Amino acid sequence: MMYSVYSFSNFLSVCFGGYAIDKLGHVFGGLTFQSFVCVGLSIFSAACANKNYLWILIGRGIYGVGLGNLTVCQNAVVSHNFKGKELALAFGLVISFSRLGSVLNFYFSSDIAAATSISFAVWLGTAMSFFSFLFVVVFTLLNRRRDRYACMDESMDVSPVSEVGAPSPVKPKAAGRKIKLEDVKSFRLEFWLVGCITALFYACIFPFVAIATDYMQEERGFTEDEASSATGVIYLLSMFFSPFLGKLIDRIGKRLLLTLIAASVTMCAHVMLVFTPVSPWVVVFLIGCSYTVTASSIWSCVPLVVRLREVGTALSLVTAIQMGFISCINAIVGIVKEKTGYPQVSLVFCSIAFACVVLTSVTIVVDKRRCQVLNGTDKSGIFSENEEKGLTAQDEA
Ligand SMILES: NCCCC[C@H](N)C(=O)NCC(=O)O
């Protein structure tokens, strides 16, 4: 129930959060959504200490609103600062830090709770969210300083300088318009395909992680510690290797090809786990490698197929599709496990991975025929500099 409240509020709020971030800015997004995280966790921790179930759920709901949008805001900031540069490396670093949190949680939370109390452990998590607030404040100050310098340049009538050092032909006052809600209708086919691939791939990972510990204990004779260590390998690999994969992807492109290979390996790994005597350690290693490869490639596809002014909205739509689909798969996995057993659960994961393989193959063909940016090495994306800024021929004149 607690997870459902979190994922439902997360899903609902990300449908609108990215649009608000594009309209009102990253500083607004960072401060607002980090505040939601801190307030939600504080309510949750106080309610845990007082064993008040209603307020526990309210706290989880507020936390869900904050966390989903905070991730979108982080990725939008990365897109704005790294599009045309080392985008996949930057996404890889963000994923690496996110997974550091998951790994700490996986390996230490229950020990901390056992050594102290559950209440202490949840307050410790809350304290860490206030610590992250400090980083949002630092980000706000850095952003203000950058805006001040940009204003000074503008008042001195200095044209913005492009990456190669040549003055940009675009005058600052004409530099782009904000997103409008109707712009979503003009999102390209490639964007929607990337969104669906993300949902399909992640549906083979997060719901699997949620049940893997139980499976290994109930069906493979692992102790609780062994089972959670084995499951944690998936996130451990991603924590260490996502930045390296990102660096490689920035160099070679091939984002869709890598996703296709990763989805195929994931499909085989799910079959191996339940239908062959292969050790679960091998399976989690394969799934961890696939997850690392896909997470570093697929998120960096999004900014390449939308304009920068709409990237928050685009990322939040992908997150909404992803989280909505994952919630459905979590429910289906729960029912299938209850009614039949783990082999059938594994077939659910295999079917989703197969659908991901098919859709990624289709997207490779679409990309090849239409724009060649998702599998290519061009880092600037589909839109030209003026299209990015939404300038018309009149503006340019
Ligand atoms: N429990 C983690 C939720 C993270 C959701 C987020 N939308 C996401 O998928 N981020 C990328 C990742 O690989 O974690």
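Note that ligands are numbered from 1 as they come in the structure, with each ligand's atoms numbered from 1 the same way. Quick caveat, the model's predicted, so the values are computed rather than measured.
The two residues Leu70 and Gly30 make their nearest non-hydrogen contact at CD1-O, 3.9 Å. Scanning both residues, Phe349 and Ala203, for their nearest heavy atoms gives CE2-O, 3.4 Å.
Looking only at protein heavy atoms, the nearest one to atom 3 (C) of ligand 1 is Phe206 CE1, 4.0 Å. Here the protein heavy atom with the shortest distance to atom 12 (C) of ligand 1 is Arg99 NH1, 3.2 Å. Gln322 NE2, 2.7 Å is the protein heavy atom nearest to atom 9 (O) of ligand 1.
Nearest-heavy-atom check against atom 13 (O) of ligand 1 across Tyr291, Tyr235, Trp299 picks out Tyr291.
Comment: Lys185 does not engage Glu182 in a salt bridge, judged by the lack of any side-chain N to carboxylate O separation of less than 4.0 angstrom.
There is no protein heavy atom closer than 4.0 angstrom to atom 1 (N) of ligand 1.
In the hydrophobic clustering of this structure, Phe97 groups with Val103; members are Ile, Leu, Val, Met, Phe, Trp, Tyr whose side-chain heavy atoms approach within less than 4.5 Å, directly or through other members.
Not a single N or O atom of Thr319, backbone or side chain, sits closer than 3.5 Å to an N or O atom of ligand 1.
A donor-acceptor contact shorter than 3.5 Å links the side chain of Ser9 to the backbone of Tyr6.
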